[in-house]
Amino acid sequence: MPELPEVAYQKIYIDSTSLHQKIVDVELGAPKIFQNPQEEFKSALLDNEFTSTTQIGKYLFLEMKKGRVLVIHFGMTGKMDYFTHNEVHKHAQLTLTFQDGAKLSFICPRKFGKLFLADSIETFREQQKLGPHASDISQKNFLQLFESKKGSVKTALMDQSFIAGLGNLYVDEILFQCGIHPKSRIENLNTDEVTATYKKMQNILKTVTKNKSEGEPLPETYLRSHRSCGENCPNGKGKIEMIKVGGRSTYFCPECQKLK
DNA sequence: CCGCATGTTTGCGG
DNA sequence: CCCGCAAACATGCG
């Protein structure tokens with residue numbers, strides 16, 4: 001559940017189930033998930049309660065009544081599970097029991113997720129060198145950011161210290177909808193192209209977030225629905241190809257996306 | 001068995 | 001110092 005829209009959905013999920021309830025039990029899973037000593041998680045969470053949540057990029061911050069902040073990074077397969085039955089999920093890495101008996105688990109099969117305890121959102125943000133939350137950036141700020149950035153456009157958009165929240169799937173989507181080849185160098189993009197990238201980014205994040213939270217299907221014209229080798233491009237001409245950019249599988253249409 | 005998967009980090013080389 | 005690339009992490013799916 002990893003990129004900005006999925007994390008936004010997890011935020012809504014937690015907000016609507018788990019705020020303002022006293023935590024009466026804490027169960028911990030695989031040690032590698034926990035970025036502070038496991039004992040600290042126990043003592044910080046027990047007898048505490050979540051008061052509000054904040055999202056920056058792919059991170060979710062759960063602020064607590066007694067001061068500290070539980071920070072969740074979902075990795076590739078993490079998600080929350082709120083339940084009132086008795087079977088705890090096989091891959092639960094953290095399970096909290098609330099006073100009314102309901103439970104909230106952090107599920108993470110591949111164990112790429114991480115849990116932190118932070119003193120404040122700001123100090124955590126500085127430590128992790130997190131850039132601005134993608135859907136909050138203004139067009140002006142986006143253009144400024146691109147002025148001083150070099151390298152391939154895909155690598156830049158994936159860089160969490162540059163812009164926080166975009167991942168492999170939606171960067172491919174943005175570049176596809178802009179008609180920009182993912183290996184294009186930022187130095188070679190003109191202002192119109194960067195502006196178009198900004199607009200597509202905002203539009204896609206909004207559309208996908210709505211898709212996650214309200215179940216509205218994604219448009220058929222999205223690369224997302226055709227994202228595998230040899231598929232027909234939704235624009236009608238080419239066939240989707242896969243290359244590696246920044247070490248990640250990158251799907252694109254060679255007809256629609258020319259190298260700049 | 002093989003390749004691939006929404007992410008991040010580390011080490012190496014240019 | 002910057003950039004790019006490969007590998008590693010762990011599990012599931014086709």
Q | Partners meeting side chain to side chain contact (heavy atoms under 4.5 Å, CB included) with Q160(A) (sequence neighbours left out) | A | K58(A), L130(A), A164(A)
Q. Dot-bracket for DNA chain B, 5' to 3', with Watson-Crick and G-U pairs under 3.5 Å, [ ] for crossing pairs and | for other-strand pairs: what is it?
A. .||||.||||||||
Q. Would you say H73(A) reaches dG7(B)'s phosphate, i.e. side-chain N/O to OP1/OP2 under 4.0 Å?
A. no
Would you tabulate the side-chain donor-acceptor contacts of residues 150-159 of chain A under 3.5 Å, counting partners in other chains and residues two or more places apart, or write 'none'?
unit_1: S152(A); atom_1: OG; unit_2: T155(A); atom_2: N; d: 3.2
unit_1: S152(A); atom_1: OG; unit_2: T155(A); atom_2: OG1; d: 2.7
unit_1: K154(A); atom_1: NZ; unit_2: N168(A); atom_2: OD1; d: 2.5
unit_1: K154(A); atom_1: NZ; unit_2: D172(A); atom_2: OD1; d: 2.8
unit_1: K154(A); atom_1: NZ; unit_2: T250(A); atom_2: OG1; d: 2.9
unit_1: D159(A); atom_1: OD1; unit_2: S161(A); atom_2: N; d: 2.9
unit_1: D159(A); atom_1: OD1; unit_2: S161(A); atom_2: OG; d: 2.8
unit_1: D159(A); atom_1: OD2; unit_2: K149(A); atom_2: NZ; d: 3.0

Q: Would you indicate what K183(A) reaches in the nucleic acid, counting non-hydrogen atoms under 4.0 angstrom: base, sugar-phosphate, or nothing?
A: nothing
Exercise answer: donor-acceptor pairs, residues 116-127 of chain A side-chain atoms, under 3.5 Å, sequence neighbours excluded:
unit_1: D119(A); atom_1: OD1; unit_2: R68(A); atom_2: NE; d: 3.3
unit_1: D119(A); atom_1: OD1; unit_2: R68(A); atom_2: NH2; d: 3.4
unit_1: S120(A); atom_1: OG; unit_2: E122(A); atom_2: N; d: 3.4
unit_1: S120(A); atom_1: OG; unit_2: T123(A); atom_2: N; d: 3.1
unit_1: S120(A); atom_1: OG; unit_2: T123(A); atom_2: OG1; d: 3.1
unit_1: T123(A); atom_1: OG1; unit_2: S120(A); atom_2: N; d: 3.4
unit_1: T123(A); atom_1: OG1; unit_2: S120(A); atom_2: O; d: 3.0
unit_1: R125(A); atom_1: NH2; unit_2: G131(A); atom_2: O; d: 3.1

Q: Heavy atoms of chain A, cut-off under 4.0 Å: which first and last nucleotide of DNA chain C, 5' to 3', fall inside that, if you could look?
A: dG4(C) to dG12(C)
Q) Which part of the nucleic acid, if any, lies within reach of R227(A) when heavy atoms closer than 4.0 Å are counted: base, sugar-phosphate only, or nothing? A) sugar-phosphate
Q) Can you list the residues that meet the ring pair (Phe, Tyr, Trp, His ring centres under 6.0 Å) rule with F50(A), with sequence neighbours excluded? A) none
Q: Could you measure between the two C1' atoms, the one in dT6(B) and the one in dG4(C), and give it in whole Å?
A: 22 Å
Q: Please list, by residue number, the residues of residues 163-180 of chain A whose heavy atoms come closer than 4.0 Å to an atom of DNA chain B; answer none if no residue qualifies.
A: G167(A), N168(A), L169(A)
(Q) Per the ring-ring contact (aromatic ring centres under 6.0 Å, His included) rule, what does the pair list look like for residues 226-260 of chain A, sequence neighbours excluded? (A) H181(A)-F252(A)
**Q.** Residues that H20(A) engages under ring pair (Phe, Tyr, Trp, His ring centres under 6.0 Å), provided they are two or more places apart
**A.** none
**Q.** N190(A) atom CG, neighbour heavy-atom count above 12 within 6.0 Å
**A.** yes
Q | Y59(A) vs dT8(B): side-chain N/O to OP1/OP2 distance below 4.0 Å | A | no
Q: Evaluate the side-chain contact (heavy atoms from CB on, under 4.5 Å) criterion for residues Y59(A) and T54(A): first the C-alpha distance (whole Å), next the side-chain angles of each, then the deciding distance (0.1 Å), finally the verdict.
A: CA-CA 8 Å; Y59(A) 289 86; T54(A) 300; over 6 Å; no
Cut-off 3.5 Å, no hydrogens considered: what does the side-chain donor-acceptor table look like for residues 229-240 of chain A, sequence neighbours left out?
unit_1: N232(A); atom_1: OD1; unit_2: K239(A); atom_2: NZ; d: 2.8

Q.
Distance check, P atoms only: dA7(C) and dC2(B), in whole angstrom units.
A. 15 Å
Q | Strand-adjacent residues in residues 107-118 of chain A, judged by heavy atoms under 4.0 Å from DNA chain B | A | R110(A), F112(A), K114(A)
Show every donor-acceptor pair shorter than 3.5 Å between a side-chain atom in residues 135-142 of chain A and any protein atom, with sequence neighbours excluded, or say none if there are none.
unit_1: S135(A); atom_1: OG; unit_2: H133(A); atom_2: NE2; d: 3.2
unit_1: S138(A); atom_1: OG; unit_2: N141(A); atom_2: N; d: 3.1

